[in-house]
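Single-structure report; data block below.
In what follows, residues are counted from 1 in the order of the sequence shown.
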Amino acid sequence: LELILINIKAQEKYVILYNNDTAIVGTDIISHKDKMVVLGTSFKFDPPYSGTPIEGEYTYGSKLFLLDANLNILKEQQFTNGGGAYGVIPAYNIHLLDTEEIIIPYSINKGIVTCDNSNFAIHSKQVEAISVNKFFNANPSFDFHTINDLNCEDQEIINSFANKNYSVTISKDKYRKQIEFRWLNKNNISFQKKVYQYKNLSPYGNILCAEKDQNFFVFGSDSTFESLLILKFNSDGDFISEFKFPIKSSFKKIVNKSGDLFLLIGDEYIANNWKQYIYELNPLIGIVRKVEITNSIVDITPINETEFAILYKNLNTDPLRAFRIAKLDSALTFQNEKIYNYINSVPNRIKILENGKIAVVGSVYTKHEYTSKNNPYFKTFVLLDNFDILLENRNLNPLKKLSIYPNPAKNEIIIITKDEETKIQALALFSSNGNKILSTKINTPSNEYFFDVSDLSSGIYIIQIELNNGNKENKKIIKN
């Protein structure tokens with residue numbers, strides 16, 4: 001393995017990691033104390049790849065790099081857990097546990113199989129998880145833990161999450177048309193599985209998953225591709241409710257925002273053209289805001305509950321080698337843009353590390369270098385930047401300065417902003433099923449507003465509060 005240090009500036013560091021007989025595509029990065037772990041998807045050619053999968057010709061797998069604060073390689077490790085022409089479907093994200101272990105969800109591709117008693121042939125994928133024991137220690141060891149061992153699965157990992165007690169991998173089975181939750185208990189390495197059989201959710205469109213307030217939300221198109229379906233599950237994987245909105249979009253990214261809001265990045269086909277939008281969505285109400293963008297968004301990560309670091313390319317003006325980072329503010333506009341010009345660098349993931357630095361990991365396409373017989377070849381790059389302007393409000397959360405009481409209420413609620421400069425300028429009230437009941441604009445924005453609820457029927461409502469800084473907060477209120 002070789003490391004090339006390309007550029008070191010006062011704020012910016014960029015390195016390339018590569019291996020002559022292995023193509024490595026960087027997919028994720030995490031930090032711990034003064035070290036970083038980079039995950040890459042690897043394709044090892046032996047002998048060189050001829051163009052079609054042949055058993056033994058190449059090996060799928062993943063590569064881990066442990067780097068110090070200056071991006072020097074401290075150790076690296078390849079894993080395949082079997083490999084082969086079909087072999088491992090490489091992992092794309094990693095989770096650091098409080099035990100300093102690393103959980104890596106991945107799957108095994110068993111090739112074309114015929115399932116059950118029918119003639120239905122599929123690419124069968126078996127979802128698994130890897131526990132990488134103490135990778136920060138001198139001698140890392142890999143424990144491979146199989147979650148399922150069925151021959152007729154067609155699993156695709158949607159997302160994965162981890163906390164102090166367990167990690168959970170959420171996947172869809174297109175063959176059985178079901179969402180599956182799999183928990184790995186970190187104490188005794190035991191697994192639990194919960195299955196939800198969906199009827200209305202299309203198994204062929206993009207399906208995204210997010211975690212909020214100890215609940216899981218699954219987003220996808222309905223079977224007609226005419227509407228967005230949102231499925232809500234509790235932390236045990238039990239189905240709670242379904243929401244449906246007439247939104248014809250293919251969603252690619254999702255992140256949590258303040259309150260009940262999510263941000264989604266999606267494409268819509270309008271007037272024979274694909275257009276990309278940022279959506280601000282409340283599962284109870286639907287789309288709160290929708291903004292068209294001309295950039296091609298690659299990834300997004302939270303700075304605080306209302307601002308985000310966004311990684312993207314401008315397809316109209318940027319050359320192949322350029323990508324950009326900016327702050328997406330509470331009004332869903334791009335601020336403090338910075339352009340990075342590195343030859344043939346294709347970014348995949350953006351993260352804010354423990355030390356407050358922005359990290360980008362991706363791949364460098366080098367066409368057919370280093371391999372004979374015209375093999376495709378990729379290297380991994382890592383970029384670190386002290387993006388001070390972007391992160392200046394990282395620890396601020398202005399919407400936590402907003403309070404409502406009493407709640408539940410019988411006659412009146414009081415809405416208060418604790419920051420003198422943050423004022424209430426408009427309100428909207430929605431029923432629990434998303435129907436708008438009323439809206440009002442406050443002529444003189446104020447830090448305090450008294451809202452009469454005496455005429456409302458008993459039940460649960462959503463009140464949307466618009467502030468003078470452009471932020472909107474959705475709060476649940478209960479009328480007794």
Side-chain angles (χ1 to χ4, degrees), residues 27-30 39 41 62 88-97 102-108 125-131 145 147-148 153-174 177-184 186 191-196 198 201-221 228-240 242-243 249-257 261-266 279 281 283 297-302 308 311 348-352 361:
T27 59
D28 203 1
I29 183 170
I30 57 174
L39 174 69
T41 296
S62 290
V88 172
I89 304 299
Y92 292 98
N93 57 347
I94 49 181
H95 303 287
L96 176 66
L97 310 181
I102 300 171
I103 293 293
I104 307 175
Y106 76 106
S107 58
I108 293 289
K125 304 181 186 70
Q126 166 189 322
V127 176
E128 299 198 355
I130 301 174
S131 173
H145 302 293
I147 296 178
N148 256 9
E153 290 193 330
D154 192 18
Q155 294 286 347
E156 178 182 339
I157 295 174
I158 302 172
N159 210 337
S160 57
F161 307 93
N163 61 26
K164 292 183 178 180
N165 300 314
Y166 61 80
S167 68
V168 59
T169 299
I170 303 172
S171 60
K172 67 175 180 179
D173 188 328
K174 291 190 293 185
K177 295 184 178 180
Q178 60 194 29
I179 301 292
E180 301 187 4
F181 298 82
R182 291 176 171 85
W183 285 264
L184 167 63
K186 301 197 296 287
F191 294 98
Q192 299 175 355
K193 176 181 174 181
K194 188 71 65 71
V195 173
Y196 172 75
Y198 57 79
L201 191 67
S202 170
Y204 301 105
N206 288 339
I207 297 180
L208 303 177
C209 183
E211 183 183 31
K212 182 187 280 285
D213 299 329
Q214 298 182 336
N215 293 310
F216 298 111
F217 292 83
V218 175
F219 297 75
S221 297
L228 168 67
L229 280 184
I230 305 174
L231 308 179
K232 183 179 180 180
F233 301 85
N234 65 18
S235 59
D236 294 322
D238 298 318
F239 176 74
I240 298 176
E242 176 183 306
F243 309 93
S249 182
S250 175
F251 293 107
K252 302 189 297 185
K253 295 287 181 181
I254 183 171
V255 289
N256 291 345
K257 202 175 179 183
L261 294 176
F262 295 93
L263 277 189
L264 292 100
I265 312 299
Y279 304 83
L281 182 141
I297 295 177
V298 177
D299 197 20
I300 183 171
T301 192
F308 302 85
L311 174 67
N348 287 326
R349 187 68 60 90
I350 184 170
K351 287 283 188 71
I352 300 176
V361 64

Pro302 versus Ile352, closest heavy-atom pair with distance: O-CD1, 3.3 Å
Ile158 and Ile179: CA distance, side-chain angles, deciding distance, side chain to side chain contact (heavy atoms under 4.5 Å, CB included) verdict: CA-CA 9 Å; Ile158 302 172; Ile179 301 292; 4.0 Å; yes
Parallel, tilted or perpendicular, as decided by the 30° and 60° cut-offs, for the rings of Phe161 and Phe216: tilted
Separation between NZ of Lys172 and CD1 of Ile157, rounded to the nearest 0.5 Å: 12.5 Å
From CG (Asn348) to CD1 (Ile350), nearest 0.5 Å: 12.0 Å
For Ser250, all residues meeting side-chain hydrogen bond (donor to acceptor under 3.5 Å, both in side chains), sequence neighbours excluded: Asn206
Distance-minimising heavy-atom pair for Leu201 and Ser221: CD1-O, 3.4 Å
Pairwise distance CG(Leu263) to CD1(Ile297) - rounded to 0.5 angstrom: 9.5 Å
Phe243 side chain near Leu229 side chain, heavy-atom distance below 4.5 Å: no
Minimum heavy-atom distance Cys209-Asn159, with the two atoms named: O-ND2, 2.9 Å
Straight-line distance of Leu264 CG to Leu281 CG, nearest 0.5 Å: 6.0 Å
Heavy-atom pair of closest approach, residues Phe233 and Ile240: C-CD1, 3.8 Å
Closest non-hydrogen atom pair, Ile230 against Pro283: CD1-CA, 4.1 Å
Residue list, side-chain contact (heavy atoms from CB on, under 4.5 Å) with Lys253, at least two apart or on another chain: Ile265, Asp299, Ile300
Test item: side-chain donor near acceptor, Asn93 and Thr27, under 3.5 Å: no
Reported CG-to-CG distance for the pair Asn215 and Asp238, which is rounded to 0.5 angstrom: 10.5 Å
With sequence neighbours excluded, residues passing ring-ring contact (aromatic ring centres under 6.0 Å, His included) with Phe262: Phe217, Phe219
Pairing residues for Phe251 by the ring-ring contact (aromatic ring centres under 6.0 Å, His included) criterion, not counting sequence neighbours: Tyr279
Residues which pass salt bridge (charged side-chain N to carboxylate O under 4.0 Å, His left out) with Lys212, listed by chain and number, not counting sequence neighbours: none
Evaluation steps, side chain to side chain contact (heavy atoms under 4.5 Å, CB included), between Leu39 and Ser62: CA-CA 7 Å; Leu39 174 69; Ser62 290; 4.0 Å; yes
Residues which pass salt bridge (charged side-chain N to carboxylate O under 4.0 Å, His left out) with Asp236, listed by chain and number, not counting sequence neighbours: none
Minimum heavy-atom distance Gly237-Lys194, with the two atoms named: O-CG, 3.4 Å
Backbone of Ile29 reached by a side-chain donor or acceptor of Lys351 within 3.5 Å: yes
Sidechain-backbone polar pair: Asp28 side chain, Ile94 backbone, donor-acceptor under 3.5 Å: yes
